[in-house]
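These notes are about the structure you will find just below.
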Amino acid sequence: MAENQEEVKMKRTVFLGALTVAGVAAGAAAAATLDDVKARGKLNCGVTTGLVGFAAPDANGEWTGFDVSVCRAVAAAVLGDPAAVEFVPTTGKTRFTALASGEVDMLARNTTWTFSRDVDLKFDFVGVNYYDGQGFLVPKALGVSSAKDLDGAAVCIQTGTTTELNLADYFRKNNISYEPVPIETNAEGQQQYLAGACDAYTTDASGLAATRATFEAPGDHILLPEIISKEPLGPLVRHGDNEWGDVVRWTLNALIAAEELGVSSANVAEMSGNTNNPEVARLLGTEGELGAMLGLSADWAKNAIMAGGNYGEIFAKNIGEETPIGLARGLNAQWTDGGLLYTPPFR
Amino acid sequence: MSDTHAQSVAFVRETALPPAEPPVAERGVYKWGRENLFATWPNALLTVAAIYVIYLVLAAVLPWLLNGIWNAPSLTACREILDGQTGGCFAVLVDRWNQLLFGFKYPSELYWRPTLAFVLLFVAVAPVLFFDLPRKLLILTLLYPFVAYWLIWGGTIWIPVMALVGFGVGYYVYTLLVQRSFAAGFFGGIAAAVAVFYAAGFIVPMLAPANPLLPAVPSRDLGGFMLNMMLGVTCVSLSLPIGIALALGRQSSMPLIKIVCVVFIEFIRGVPLITLLFVASVMLAYFFPPESQVDLFLRVVIMITMFSSAYIAEVIRGGLAALPKGQYEAGDSLGLDYAQAMRLIILPQALKISIPGIVNIAVGLFKDTTLVSVISMFDLVGMIRGPILASTDWNGVYWELLGFAALLFFVVCYGISQYSQWLERRLATDHR
Amino acid sequence: MTTLTDPPRESFRLSMLLYDTRYRSLTFQAIALLLLIVAIAFLANNLVSNLAAQDLNISFSFLSSPAGYDINQTLIDYNSQSSNLRAAWVGILNTLLVAVLACLTATVFGVLAGVLRLSKNWLVRKLMAFYVEIFRNIPVLIWIIIIFTIMTAVMPAPTAFRGDDPASSMVLDSIAFTNRGVYIPGPHFSRGFGADGNGALNWLIVIAVLVGSFFATRMVTARANAAQEATGVRPNTLWLNLAIWFVPIIGVLAIMGLYWDMPTLSGFNFSGGIKIGGPLIALWFALSIYTGAFIAENVRAGIQAVSRGQTEAASALGLRPKRVMSLVVLPQALRVIIPPLISQYLNITKNSSLAIAVGYADITATLGGITLNQTGRAIECVLLLMLFYLIISLLISAVMNVYNSSMKLKER
């Protein structure tokens with residue numbers, strides 16, 4: 001019922017706006033994002049227009065992927081329903097405006113955490129869900145084994161991303177030349193690269209692996225060993241709405257902590273019943289009031305974990321070594337396994 | 001006549017000889033060919049060159065078209081079936097037919113709704129396009145926007161109903177007040193309609209059932225060719241009245257109004273549509289009240305409507321300028337006021353002259369709706385360039401998809417321009 | 001006895017504001033002004049409060065900071081350390097480049113198709129009608145994508161030129177058609193001015209010589225005309241004109257040591273020569289063939305607008321068909337053709353903004369695309385972008401107005 005009311009309310013604004021009555025937004029109450037999401041009954045989540053493994057609609061229009069799972073976890077934590085997400089596809093160009101203008105509540109779209117985006121563009125990165133770096137994909141037939149051999153090559157690059165700047169820096173630093181072939185979406189990049197319009201395709205190494213997985217003959221293409229940048233990818237929200245930022249941040253942390261604590265989608269129900277580990281109890285809401293502090297229900301983290309599993313499960317299901325994309329955990333292992341994933345304690 | 005000679009001349013033929021057949025070279029296909037294809041040497045060369053060009057095109061296209069595969073799950077499968085032969089892989093059209101027409105997010109069980117709206121569109125525009133139909137059918141045209149809105153977006157029926165009530169009340173107030181003066185009627189009507197809309201904003205949520213008859217579909221789920229059609233139809237029909245107002249404003253003797261209209265028209269005509277779409281996608285949201293939710297579709301409709309109304313205003317201005325001064329003076333001498341003169345004398349004639357121009361603008365605008373793919377809306381071109389070509393199955397099927405898109409646009413645009421030519425002939429009341 | 005009385009002076013009543021035509025327009029304008037101010041204030045207020053809510057500001061200082069990205073086709077020196085403003089200039093020049101090129105070729109296509117549509121040859125007439133209808137009724141964006149796809153998917157990659165038995169080879173050993181663009185030989189000077197003999201000064205000299213030749217031939221023609229009027233015999237100026245055109249330029253080029261820099265396959269790409277990038281070609285060709293269809297219709301309408309009587313009268317005066325065309329039909333047709341032609345040029349310039357669909361670095365792609373993305377200064381970038389197009393179209397309109405007033409029928 002509440003969902004419907006809100007839908008109608010939105011409709012009303014839209015419809016009256018259409019009739020040029022500009023001042024009618026009167027009914028829409030100014031509220032924090034968390035309240036908005038709860039009232040709307042749906043989370044608007046910005047994702048890419050399509051990158052297999054991270055966020056892509058399948059043949060039925062159902063979104064799946066690594067980034068998508070983060071959206072679903074947040075929806076589950078806030079609304080108790082992992083399906084209550086409206087996915088808004090964004091390009092490198094439109095993503096920040098979509099977030100800034102309130103069209104989406106959060107952006108989970110392999111976006112690199114940089115100083116200027118955090119400070120100048122007024123966004124808050126709530127954490128890192130994938131530690132990435134920029135790499136190069138080249139056809140084996142090219143006979144190139146290092147990025148330094150790419151002098152004079154044509155390189156396909158998605159415009160409006162940090163990779164574009166890294167590329168310029170890298171080639172400048174190594175004093176070699178290249179010819180940028182700017183493209184808008186990953187799909188276009190794939191076409192151009194396969195048609196030979198560029199010698200190499202560069203973007204985040206994870207994205208390259210995902211793209212290569214969709215090729216007819218993935219074995220004919222190799223990733224060069226150089227990783228030329230640090231690309232911590234993470235979800236982000238608007239600056240200034242700290243309550244909402246906390247919700248997204250701690251949902252992500254809950255997923256990571258769950259893996260560390262051995263809580264998975266399979267055993268979460270059982271663990272929440274009887275556990276000796278007080279941190280697990282706090283996480284799952286059987287002890288303490290962490291949920292209430294966030295303005296959520298006590299079982300928020302449990303819902304989030306049940307949505308798609310803990311971090312490790314999400315990774316393995318969408319982009320892990322068993323999938324066509326076949327990414328190793330690498331830097332994205334838990335700190336206990338020599339990786340960088342390290343959540344602050346749930347206390 | 002022949003009687004006079006009957007006695008004096010031995011033989012007079014009384015009937016005409018049947019005309020002899022013209023020589024072979026002067027008749028039938030020979031004559032036609034000689035005059036139209038091989039009249040002179042250069043002409044003959046041109047013909048040969050043209051035949052060669054046609055041959056080249058057909059040789060490339062026909063095998064591809066005739067040998068096409070219509071049933072395959074993916075490009076790889078398609079190529080296996082073709083086995084090295086030339087042939088199109090039209091299976092992509094079959095496989096992604098619904099996505100091409102409706103986008104990838106419109107709920108598939110609801111496809112009948114936009115389809116019905118599309119069919120009704122013909123019913124609604126028929127009375128506008130063909131004058132011979134009874135005028136009463138125009139009621140259908142007036143009802144259509146509300147029905148179409150309800151069909152496509154779904155949700156509670158009270159939104160379109162209240163909108164309709166608003167317009168009805170506005171019209172009623174207008175007829176009451178127009179006796180006193182046109183301005184009073186016009187502005188009174190608008191005020192009444194706005195009042196109803198405002199009230200509707202509070203009434204509708206109360207009336208809205210929990211489970212509306214037609215489930216609501218958010219506008220970001222619209223896509224495919226449907227999106228092009230909707231943008232085209234909505235923006236052209238919205239921009240007509242605005243365009244007329246702008247054209248009249250530009251002709252106005254009041255300097256302030258004239259300046260505002262000129263600045264608006266010249267500004268819009270001076271920038272490409274794509275920059276206006278950028279405005280819609282990255283800037284316009286800043287100009288709405290904080291916390292109001294105006295979705296991208298509506299923002300794009302606003303910008304495209306502004307765009308086309310400026311162009312339509314210029315066409316209508318041409319029509320106004322083409323009228324002889326005598327028409328204006330005649331209106332004045334009859335003692336008609338401005339509104340009456342415009343409504344009864346000037347506009348009917350000026351609009352008639354402008355129709356071909358307006359249709360040209362409409363066709364151009366419809367073609368320009370493909371630009372929304374640049375701001376990540378999934379119209380027909382956006383669907384092709386985005387989800388379909390990016391999918392693992394159909395990565396690399398360019399010609400079939402682009403050809404299909406081109407064909408759809410060609411059919412619609414060519415149809416409209418043929419109608420416009422027919423209309424021009426119909427309306428040609430001057431005697432040449 | 002008649003007395004002239006003034007009509008009773010009405011005292012001003014409030015209702016006169018609405019019913020008296022003297023005041024009514026003032027009333028309306030006042031209301032309009034009020035509404036305008038309210039609307040602007042409303043929008044401005046929203047803008048300010050939205051920006052304040054997100055803690056953003058409007059500032060153009062990003063223009064002077066380094067752009068950080070590279071551009072593949074530049075007419076002026078540019079690298080990733082150049083400023084955003086410089087990148088915008090690169091974009092502006094690229095926009096103008098493709099617009100000018102497309103205007104030229106579109107005119108050629110349009111005039112050819114327009115004239116051929118009136119040809120006596122049935123087949124050619126139909127073929128041209130087909131061309132016009134096909135191109136006018138399909139969106140230019142689809143044409144740009146189709147032609148760009150031909151460029152990238154059908155043309156061979158540079159690797160196809162490699163090896164002992166390459167799949168593709170260069171045309172005449174000097175032009176290479178690849179899916180990255182067309183490489184043609186580039187002129188260079190071995191003894192020119194400027195840095196390693198290839199400064200812009202060289203080209204200025206070449207242009208100056210050509211302009212000089214042009215005026216010299218004009219003088220020769222004027223002299224020939226004078227001679228013809230005085231004596232009735234026109235001196236033969238052909239050889240003199242040819243000499244004036246060719247001797248100086250060949251001399252200058254020889255002195256500066258012109259040679260052709262051939263494109264050669266080295267590394268991943270062709271190097272040397274001049275590269276005309278694939279996106280540029282796709283955009284250029286698509287815009288010219290699309291707009292050519294519209295121009296063809298203008299040309300046809302213009303020629304048909306000249307009444308038959310004019311042609312017949314000219315023939316009756318004994319003019320030859322060529323002269324009928326050049327002295328009677330064309331001057332009159334041009335009066336009809338040129339105004340819509342100029343607005344087609346305007347359309348080409350505006351449509352060149354679709355460069356963004358194929359990755360050509362025009363102003364929309366640099367300032368409105370990459371710079372906007374990298375700096376996030378959406379409002380500033382879009383405003384500057386609109387300002388640029390506005391200036392261009394106002395300039396073109398100004399040209400059109402000058403032309404229209406100069407071509408106005410001098411009615412007596």
Side-chain angles (χ1 to χ4, degrees), chain A residues 22-23 25 30 91-97 99-102 116-117 120-123 138-139 141-142 144 149-169 171-172 177-184 188 191-192 194-200 238-240, chain C residues 38-39 42-43 46 50-51 53-57 62 66-73 79-81 148-149 151-160 178-181 266-271 275 277-279 356-361 365-366 368-379:
Chain A
T91 64
K93 186 195 301 284
T94 57
R95 54 182 164 177
F96 295 126
T97 340
L99 181 60
S101 67
S116 65
R117 283 173 182 173
D120 191 32
L121 294 189
K122 309 288 178 197
F123 295 119
V138 293
L142 204 61
V144 168
D149 300 339
L150 285 174
D151 191 11
V155 183
C156 275
I157 174 126
Q158 284 189 46
T159 63
T161 60
T162 50
T163 53
E164 193 170 32
L165 306 180
N166 298 333
L167 184 72
D169 286 351
F171 278 78
R172 195 179 169 76
S177 66
Y178 73 107
E179 192 179 289
V181 179
I183 42 129
E184 281 280 317
E188 264 172 74
Q191 282 167 40
Q192 301 258 350
L194 288 177
C198 46
D199 299 304
R238 278 182 293 278
H239 187 83
Chain C
V38 167
F42 174 72
L43 295 178
N46 287 336
N50 276 321
L51 289 178
Q54 287 163 33
D55 221 356
L56 291 173
N57 58 352
F62 70 95
Y69 57 90
D70 283 300
I71 299 177
N72 52 8
Q73 177 130 22
N79 62 45
S80 60
Q81 295 306 302
F148 185 59
T149 310
M151 279 300 299
T152 52
V154 178
M155 299 279 215
T159 44
T178 75
N179 61 358
R180 294 177 195 171
S266 69
F268 301 102
N269 270 324
F270 282 91
S271 59
K275 178 193 176 189
I356 199 162
V358 289
Y360 175 68
T366 56
I370 309 180
T371 298
L372 188 157
N373 290 333
Q374 297 296 6
T375 60
R377 297 276 172 195
I379 298 179

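Sequence lines set the chain letters: A, B, ... in the order given, protein chains first and strands last, and positions in each chain run from 1.
- Partners of A:Phe171 under the ring pair (Phe, Tyr, Trp, His ring centres under 6.0 Å) rule, at least two apart in sequence or in another chain, are A:Tyr178.
- Of the N and O atoms on the side chains of A:Ser177 and A:Asp151, at least one donor lies less than 3.5 Å from an acceptor on the other residue.
- Considering only heavy-atom pairs separated by less than 4.5 Å from chain C, the leading option among A:Gly240, A:Ala141, A:Ser116, A:Gly152 is A:Gly152.
- Looking at C:Thr375, only its backbone comes within 4.5 Å of chain A, counting heavy atoms on both sides.
- For C:Ala67, the part lying under 4.5 angstrom from a heavy atom of chain A is the backbone only.
- Using a distance-only test at 3.5 Å, with no hydrogens or angles considered, no donor-acceptor pair links the side chain of C:Arg377 to the main chain of C:Leu372.
- Heavy atoms closer than 4.5 Å to chain C are found nowhere in A:Ile183, neither backbone nor side chain.
- Side-chain contact annotation: C:Thr366 with C:Tyr69, donor-acceptor N/O pair under 3.5 Å absent.
- Interface check for chain A: of the options C:Ala357, C:Gly68, C:Gly359, the most heavy-atom pairs under 4.5 Å are formed by C:Gly68.
- Contacts of C:Ala39 with chain A are absent, with no heavy-atom separation under 4.5 Å from either backbone or side chain.
- For the set A:Ala195, A:Pro180, A:Pro182, the count of heavy-atom pairs under 4.5 angstrom toward chain C peaks at A:Pro180.
- Considering only heavy-atom pairs separated by less than 4.5 Å from chain A, the leading option among C:Ile71, C:Asn46, C:Asp70 is C:Asp70.
- In this structure A:Lys122 satisfies the salt bridge (Lys or Arg N to Asp or Glu O under 4.0 Å) test with no other residue, sequence neighbours excluded.
- Distance CZ/C:Phe62 to CD/C:Gln374: 12.5 Å, rounded to 0.5 Å.
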request  = Using the salt bridge (charged side-chain N to carboxylate O under 4.0 Å, His left out) rule, take C:Lys275 and A:Glu179 through it: C-alpha gap first, then chi angles, then the decisive distance, then the call.
outcome  = CA-CA 12 Å; C:Lys275 178 193 176 189; A:Glu179 192 179 289; 2.4 Å; yes
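- Neither the backbone nor the side chain of A:Leu194 comes within contact range of chain C, judged by heavy atoms closer than 4.5 Å.
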